[in-house]
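Notes for the one structure printed next.
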Amino acid sequence: MNDLPERVLSWYAEHQRDLPWRRPGTTPWSVMVSEFMLQQTPVARVLPVHEAWLDRWPTPSALADETSGEAVRAWGRLGYPRRALRLHAAATVIRDEHGGEVPDTYEQLLALPGVGDYTAAAIASFAFGRRHVVLDTNVRRVLARTLTAAEFAAPAVTRAERDLAGSVLPGSDEDAAAWAAASMELGAVICTAARPACERCPVVDLCAWHAAGRPAYDGPARKVQDYAGTDRQCRGRLLAVVRDADSPVPRGRLEAEWHLPEQRDRALASLLADGLLAEVEPGWFALP
DNA sequence: CAGCCGTGGCT
DNA sequence: TAGCCAAGGCT
């Protein structure tokens, strides 16, 4: 009744991108690092940082033995640097509670800092070949289009959507894991948010959205965050000063970076509260 | 659960 | 050009 998985799997076998964390001999740790970095950051920007991390910290224990500040520094400009903190914290849990080995079950993975439903399912699936619904923004868009004739999925995952994803998940662990990777890949390179390449799509003839004439999205408004002038931008600017310095930075250097005192102080306080910065002595700041 | 958490490339 | 968007998680 539904050839979708089979057709997408065939396409993937031939067209998948050659990514480091997919190569034969990759480790669960490499997969895990990639998943953290890929949370809201494009593949092209992740590639060089991922390689540097794996060279420097080939195992979770190697990272756990470093300071969290080194993780933040090596994160560079990937964005959302709390992910670096959480990855370091997860590595510490793996070293201390899992014998240094990335756990292989969804439940154990989900318990790690920075690992939510998607990342737990992705690591269990890609690194250990387990059968899980892996519902990321790509898969959600592919399913919305092919199965429900909608241009985009709703802002939040619904029960019905999860059930629908489960209904097309292949039965075997091996095929399910391959489907997870393949459906994500299709969304990433063909069934994209803007300008989908339907002319190259392996399942265009099965696609409900295409059959309906590619109608424009008409669901609940999808939120687009502002950035310029926000606390996020201010935090980024302050953190960049410290990250790019090789010794502690005086408060004055940070004050020069943002002209609104109230917002700057709020941002600095939140960076300290998050553990992204440390006040090493009064008025002097460094990575933790 | 809606809002917050970075950054840069593309159209 | 100014949005739009990118393999989410946490509170």
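Residue numbering restarts at 1 for every chain, and letters A, B, ... go by the order of the sequence lines.
Comparing the C1' positions of C:dC4 and B:dG6 gives an interatomic distance of 16 Å, to the nearest angstrom. Taking the P atom of each, C:dA7 and B:dT11 are spaced 15 Å apart, rounded to whole Å. Taking atom C1' in both B:dC5 and B:dC1, one finds a spacing of 16 Å when rounded to whole Å. Only the P atoms considered, B:dG8 is 23 Å distant from C:dG9, to the nearest whole Å.
If you check every strand for non-hydrogen atoms under 4.0 Å, A:Pro155 touches nothing. Counting non-hydrogen atoms under 4.0 angstrom, A:Gln233 reaches nothing in the nucleic acid. At the heavy-atom level, A:Arg266 lies nowhere under 4.0 Å from the strands shown. Residue A:Tyr227 is in base contact, counting any heavy-atom pair closer than 4.0 Å across all strands shown. Contact annotation for A:Arg82: base contact, defined as any heavy-atom pair under 4.0 Å involving a base atom. Contact annotation for A:Arg45: base contact, defined as any heavy-atom pair under 4.0 Å involving a base atom. Among the atoms of the strands shown, none is found under 4.0 Å from any heavy atom of A:Ala122. Using a 4.0 Å heavy-atom distance criterion, A:Gly116 is classed as a sugar-phosphate-only contact. Looking at heavy-atom distances under 4.0 Å, A:Leu239 makes no contact with the nucleic acid at all. Contacts of A:Arg222 with the nucleic acid, taken as non-hydrogen atoms under 4.0 Å apart, involve only primed sugar atoms and P, OP1 or OP2. Across all strands shown, A:Leu19 has heavy atoms under 4.0 Å from base atoms, whether or not it also approaches the sugar-phosphate. Counting any heavy atom pair closer than 4.0 Å across all strands shown, A:Trp21 reaches a base atom. Among the atoms of the strands shown, none is found under 4.0 Å from any heavy atom of A:Ser34. Residue-level contact check: A:Asp274 touches neither bases nor backbone, having no heavy atom under 4.0 Å from any strand.
With a cut-off of 3.5 Å on both pairing distances, the Watson-Crick or G-U wobble partner of B:dC10 is C:dG3.
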| request: Carefully, step by step, assess A:Glu70 and A:Thr67 under the rule side chain to side chain donor-acceptor pair (under 3.5 Å). | output: CA-CA 5 Å; A:Glu70 280 306 297; A:Thr67 64; 4.8 Å; no
| message | Is there a salt bridge (Lys or Arg N to Asp or Glu O under 4.0 Å) between A:Arg73 and A:Glu66? Walk through the geometry before answering. | response | CA-CA 12 Å; A:Arg73 175 166 280 120; A:Glu66 283 273 12; over 6 Å; no
| query | Could you go step by step and tell me if A:Glu257 and A:Arg264 meet the salt bridge (Lys or Arg N to Asp or Glu O under 4.0 Å) rule? | reply | CA-CA 9 Å; A:Glu257 198 62 30; A:Arg264 175 225 304 147; over 6 Å; no
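As rounded to whole Å, 15 Å separates atom C1' of C:dG9 from atom CG of A:Leu135. Separating the CD atom of A:Gln225 from the P atom of C:dG8 is a distance of 13 Å, rounded to the nearest angstrom. The OH-P distance, from A:Tyr217 to C:dC4, rounds to 13 Å in whole Å. Rounded to whole Å, the distance from CZ on A:Arg83 to P on C:dC10 is 13 Å. Following rounding to the nearest Å, A:Asp226 (CG) and C:dG3 (C1') show an atom-to-atom distance of 10 Å. If you measure from atom CG of A:Leu87 to atom P of C:dG9, you get 13 Å, rounded to the nearest angstrom. Following rounding to the nearest Å, A:Leu110 (CG) and C:dG9 (P) show an atom-to-atom distance of 9 Å. The distance between atom CG of A:Leu85 and atom C1' of C:dG9, rounded to the nearest whole Å, is 14 Å.
Taking only side-chain atoms of A:Gln40, from C-beta outward, the nucleotide of C:dA6, C:dG8, C:dC4 with the closest atom is C:dG8. If you check C:dG8, C:dA6, C:dA7 against the side chain of A:Thr119, the one that comes closest is C:dG8.
Minimum interatomic distance between A:Phe128 and A:Pro103 (heavy atoms only, all atoms of both residues): CE1-O, 3.2 Å.
Contact annotation: A:Gln39 does not reach the phosphate of C:dA7 (side-chain N/O to OP1 or OP2, under 4.0 Å).
Taking the 5' to 3' direction, DNA chain B first and last meets chain A under 4.0 angstrom from a heavy atom at B:dC4 to B:dT11.
Residue-environment remark: CD (A:Glu279) exceeds the threshold of 12 foreign heavy atoms within 6.0 Å.
Checked against A:Asp274 for a salt bridge (charged side-chain N to carboxylate O under 4.0 Å, His left out), the options A:Arg83, A:Arg86, A:Arg235 give a single hit: A:Arg235.
Under a 3.5 Å cut-off, the side chain of A:His50 and the backbone N or O of A:Ser30 do form a donor-acceptor pair.
Under a cutoff of 6.0 Å and an axis angle of 45°, A:Arg222 and A:Tyr217 form a cation-pi pair. Taking the ring axis of A:Phe152 as reference, the NZ or CZ atom of A:Arg145 stays within 45° of it and closer than 6.0 Å to the ring centre.
Under the rule for a side-chain hydrogen bond (donor to acceptor under 3.5 Å, both in side chains), the partners of A:Asp231 that lie at least two apart in sequence or sit in another chain are A:Gln263, A:Arg266.
Each of A:Thr41 and A:Pro113 lies near DNA chain C, and the nucleotide nearest A:Thr41 is the one positioned closer to the 5' end. Between A:Ser270 and A:Ala156, the one whose closest nucleotide on DNA chain B sits nearer the 5' end is A:Ala156. Both A:Leu112 and A:Phe126 lie close to DNA chain C; mapped to their nearest nucleotides by heavy-atom distance, the more 5′-ward contact belongs to A:Phe126.
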